[in-house]
> 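Dropping a structure here in structure tokens format, bear with me for questions.
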There are 2 protein chains.
Amino acid sequence: MRRHYATIKDIAYALSISVSTVSRALRDTHDVNADTRKMVLEMAAKLNYKPNFNATGLVKNSTHNLAVILPAITNYYFSTVFTGIQEVAYSNGYNLILYVTNDDAAREENIVRNLSFSSLDGLLVSVSSKADASHYFQEIIDDGVPVVFFDRVVENIRTSKVMQDDYNGAYEATVHLIRNGYRKIAHITGPAGLTLTEARLQGYLDALQRHKLAVRKKWIIHSGFSQQSGEEDARQLWKLNDKPDAVFAVNDRKGIGAIISFKQLAVQVGKEIGIIGFTNDPMSSIISPSLSTIAEPAFEIGQRSCQLLLNHIRKKHFIPEEVILPGRLIVRESSRRS
Amino acid sequence: MRRHYATIKDIAYALSISVSTVSRALRDTHDVNADTRKMVLEMAAKLNYKPNFNATGLVKNSTHNLAVILPAITNYYFSTVFTGIQEVAYSNGYNLILYVTNDDAAREENIVRNLSFSSLDGLLVSVSSKADASHYFQEIIDDGVPVVFFDRVVENIRTSKVMQDDYNGAYEATVHLIRNGYRKIAHITGPAGLTLTEARLQGYLDALQRHKLAVRKKWIIHSGFSQQSGEEDARQLWKLNDKPDAVFAVNDRKGIGAIISFKQLAVQVGKEIGIIGFTNDPMSSIISPSLSTIAEPAFEIGQRSCQLLLNHIRKKHFIPEEVILPGRLIVRESSRRS
DNA sequence: AAATTCACCGAGAACGTTCTCGATTCCTTA
DNA sequence: TAAGGAATCGAGAACGTTCTCGGTGAATTT
């Protein structure tokens with residue numbers, strides 16, 4: 001069994017002083033004699049004292065724990081966001097409890113409903129794509145738990161949100177294809193209903209309209225976010241009588257899937273078909289032809305989300321903020337007709 | 001400020017019964033009347049009662065929290081291991097607190113020394129490659145904290161460990177190159193001193209000796225684990241007068257780096273130079289020519305590690321176990337001379 | 001009918017902290 | 001020289017649970 005760690009009482013007993021004094025000496029510098037403080041600190045080190053976070057959490061009603069809920073972690077975007085979150089959490093002395101939903105709505109709900117908010121100071125969430133998540137997230141926000149959404153946010157909930165500029169990124173991606181001479185541009189995207197999906201779709205549509213290009217329903221395919229979905233979508237597009245000459249993929253994984261399918265179909269990527277993705281996953285520069293994309297500021301999204309959550313936690317009445325970070329066009333081989 | 005959640009006392013007061021009874025009703029089914037139990041459960045739901053884990057943790061000296069310490073998370077291998085860990089943690093009702101060291105020894109030590117073991121039931125660690133980690137891990141193990149190492153383990157510490165079969169994987173990879181006609185086989189690997197590095201190096205060396213092939217010191221390069229290191233190592237190898245005709249990379253990222261460099265040098269990968277990696281990172285099938293590799297059972301390593309840790313936590317006197325899982329050769333274009 | 005057992009429940013201590021309220025000593029000031 | 005103030009510390013309640021111990025009344029046994 002676990003050995004018992006030394007407590008504040010043990011220190012007090014060893015020095016024949018009160019627990020109050022030890023407690024004070026261990027935290028504040030005021031209201032305690034410098035010598036006493038030194039004594040306490042030395043004895044604490046000697047006894048290998050480690051504060052019991054359950055006890056402090058109980059009385060202060062605040063542990064330094066933040067929960068992070070992600071659809072997946074085996075994925076460039078989310079793991080990079082997490083790294084950003086962790087960077088500011090670490091430098092502020094917060095711990096991160098990570099939950100992965102595997103993009104499963106039921107699991108997400110189960111996780112949220114079983115969270116112990118007594119040992120959690122706040123919550124960072126990117127929702128599962130299958131979830132109509134409004135109800136159980138609204139409940140915990142009503143309970144007063146600070147929540148920040150990022151990337152895949154829930155629209156009708158009033159709390160802080162951090163996103164990339166999906167609309168303008170999509171617009172820019174589409175315009176880039178148009179400028180490179182592509183005219184029949186398809187869009188393979190994620191599940192309908194998500195803010196992210198809708199915003200990118202709208203950016204794509206507006207770019208087409210602005211340039212007076214045709215919008216074909218058959219050229220817009222909703223499916224999953226995976227590489228495999230991208231492969232399937234591309235094959236489906238190529239079965240059409242009226243084939244597109246370019247594809248804007250909602251993310252790089254789908255874009256890569258499309259490249260793979262078109263290579264298998266012996267379609268020359270870049271010439272016969274232009275492709276652009278969204279994310280700037282390292283894979284997009286590894287694949288050949290390399291994939292043009294809109295780089296997302298994933299790391300910064302993590303940092304800003306966590307910073308926002310900490311502000312939220314620290315201030316009593318925090319007004320929700322929405323942060324929208326710009327993407328950046330990266331041109332590679334998959335969209336160059338030259 | 002946070003609204004106050006209902007406590008066990010509130011339930012007791014609302015029902016005019018004692019807290020003891022409420023506590024019993026909420027947990028055990030024995031020693032409490034079925035009707036009372038039902039009453040309590042209903043009132044708990046009505047008041048939106050959520051157990052306070054700080055309080056239970058304080059009295060039971062066991063929260064259901066496990067800490068996971070990883071060198072990185074933006075990486076196929078570690079994120080997959082984490083997913084495996086999380087899978088068994090989730091189904092056993094444990095939460096995971098994730099710390100990422102960025103492969104920085106000082107940060108790793110800082111994290112470990114500041115862990116609150118009072119709110120942690122155990123620890124899963126893959127050590128930083130720069131760390132001589134023995135001392136501070138030994139300390140917490142002496143304190144009785146259950147620890148399981150995986151992948152990058154610390155050799156001289158007696159506790160449970162889960163690894164892939166690095167030696168045999170490396171042996172098999174090297175033999176595969178030999179069977180495909182490569183004779184001058186280099187090895188680009190990670191920092192010396194790590195068990196993982198040493199085991200793979202030894203497998204490589206033994207395979208060469210067994211087949212009576214030359215071992216050249218210049219063909220063995222120790223550097224980091226990154227793709228960039230792989231690129232640099234490849235360029236360095238190609239500057240030699242006595243150039244190798246194949247490269248066994250310690251992991252796929254370095255293998256991919258090597259492929260990229262050789263492509264830049266206009267060296268035909270597969271023909272002029274054979275390359276094999278280790279991991280089966282999805283990138284290895286994306287890159288062209290695709291990278292042969294030894295597939296690691298990353299997900300299973302996570303599962304087994306967590307299962308072992310739970311056993312360790314549950315049993316008083318648990319004898320440390322070492323689990324070694326086999327890899328699997330995957331042949332792709334980078335090592336086929338055909 | 002007395003004795004024994006059983007089912008169920010309550011009182012109160014304990015876990016390791018923090019925090020409020022006073023108490024004590026010593027120094028300063030009029 | 002008395003009064004006021006500052007510096008320092010201690011007692012004890014509180015946080016929300018669990019757990020041990022014992023008590024009550026009803027059911028069962030002899």
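Every chain is numbered from 1, with letters handed out A, B, ... down the list of sequences.
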> Please, which pairs that meet salt bridge (charged side-chain N to carboxylate O under 4.0 Å, His left out) have at least one residue in residues 82-91 of chain B, sequence neighbours excluded?
R107(A)-E87(B)
> Is the shortest heavy-atom distance from the side chain of I301(B) to the side chain of D151(B) under 4.5 Å?
no
> Taking the six-membered ring for Trp, are F137(B) and F149(B) parallel (under 30°), tilted (30 to 60°) or perpendicular (over 60°)?
perpendicular
> Please name all residues satisfying salt bridge (charged side-chain N to carboxylate O under 4.0 Å, His left out) with E321(A), sequence neighbours left out, ordered by chain then number.
none
> How sharply is the helix from dA1(C)-dT30(D) to dA30(C)-dT1(D) bent, taking the axes over five pairs at either end and rounding to 10 degrees?
50°
> Partners of E300(A) by side-chain contact (heavy atoms from CB on, under 4.5 Å), sequence neighbours excluded?
P297(A), Q303(A), R304(A), L325(A)
> Which residues satisfy the side-chain contact (heavy atoms from CB on, under 4.5 Å) test with T101(A), sequence neighbours excluded?
I69(A), P71(A), E108(A), I111(A), S128(A)
> Would you mind reading off the distance between L47(B) atom CG and dG16(D) atom C1', rounded to a whole angstrom?
15 Å
> Identify, residue by residue, the members of residues 32-41 of chain B with a heavy atom below 4.0 Å from DNA chain C, and return them in order of residue number, or none.
V32(B), N33(B), T36(B)
> All N/O contacts under 3.5 Å from nucleotides 12-15 of chain D to the protein, with atom names and distances to one decimal?
{"residue": "dG12(D)", "atom": "O6", "partner": "S20(A)", "partner atom": "OG", "Å": "3.2"}

> With sequence neighbours left out, what residues match R27(B) under side-chain contact (heavy atoms from CB on, under 4.5 Å)?
S23(B), R24(B)
> For F117(B) and dG16(C), what is the distance between atoms CZ and P respectively, to the nearest whole Å?
17 Å
> Tell me every residue that passes side-chain contact (heavy atoms from CB on, under 4.5 Å) with V19(B), counting only those two or more places apart in sequence or in another chain.
I8(B), K9(B), A12(B)
> Y13(B) OH to dG16(D) C1': how many Å, rounded?
18 Å
> Of all residues at least two apart in sequence or in a different chain, which pass the side chain to side chain donor-acceptor pair (under 3.5 Å) check with N33(A)?
none
> Is there any ring-ring contact (aromatic ring centres under 6.0 Å, His included) pair reaching into residues 60-105 of chain B, and which pairs are they, with sequence neighbours excluded?
H64(B)-Y94(B)
> Please give, in whole Å, the distance from dG16(C) C1' to K60(A) NZ?
14 Å
> Nearest whole angstrom, please: distance from the P of dT5(C) to the CG of D31(B).
18 Å
> Is any side-chain nitrogen or oxygen of T21(B) closer than 4.0 Å to OP1 or OP2 of dG10(C)?
yes
> With sequence neighbours excluded, tell me which residues meet salt bridge (charged side-chain N to carboxylate O under 4.0 Å, His left out) with R113(B).
E109(B), E139(B)
> Check the phosphate of dG10(C) against S18(B), side-chain N and O only, distance under 4.0 Å to OP1 or OP2. Yes or no?
yes
> Could you tell me the separation between the CZ atom of F53(B) and the C1' atom of dT17(C), rounded to a whole number of Å?
20 Å
> R27(B) side chain N/O closer than 4.0 Å to the phosphate oxygens (OP1, OP2) of dC19(D)?
yes
> Considering every strand and a 4.0 Å limit on heavy-atom distances, what is the contact class for Y49(B): base, sugar-phosphate, or nothing?
sugar-phosphate
> Are D103(B) and R152(B) within salt-bridge range, i.e. N to O under 4.0 Å?
yes
> On DNA chain D, does the nearest nucleotide to I17(A) precede the nearest nucleotide to S23(B) from the 5' side, or the other way round? Give the residue.
I17(A)
> In whole angstrom, what separates N61(A)'s CG from dT17(D)'s P?
11 Å
> For I8(A) and dG10(D), give me the distance from atom CD1 to atom P, rounded to whole Å.
13 Å
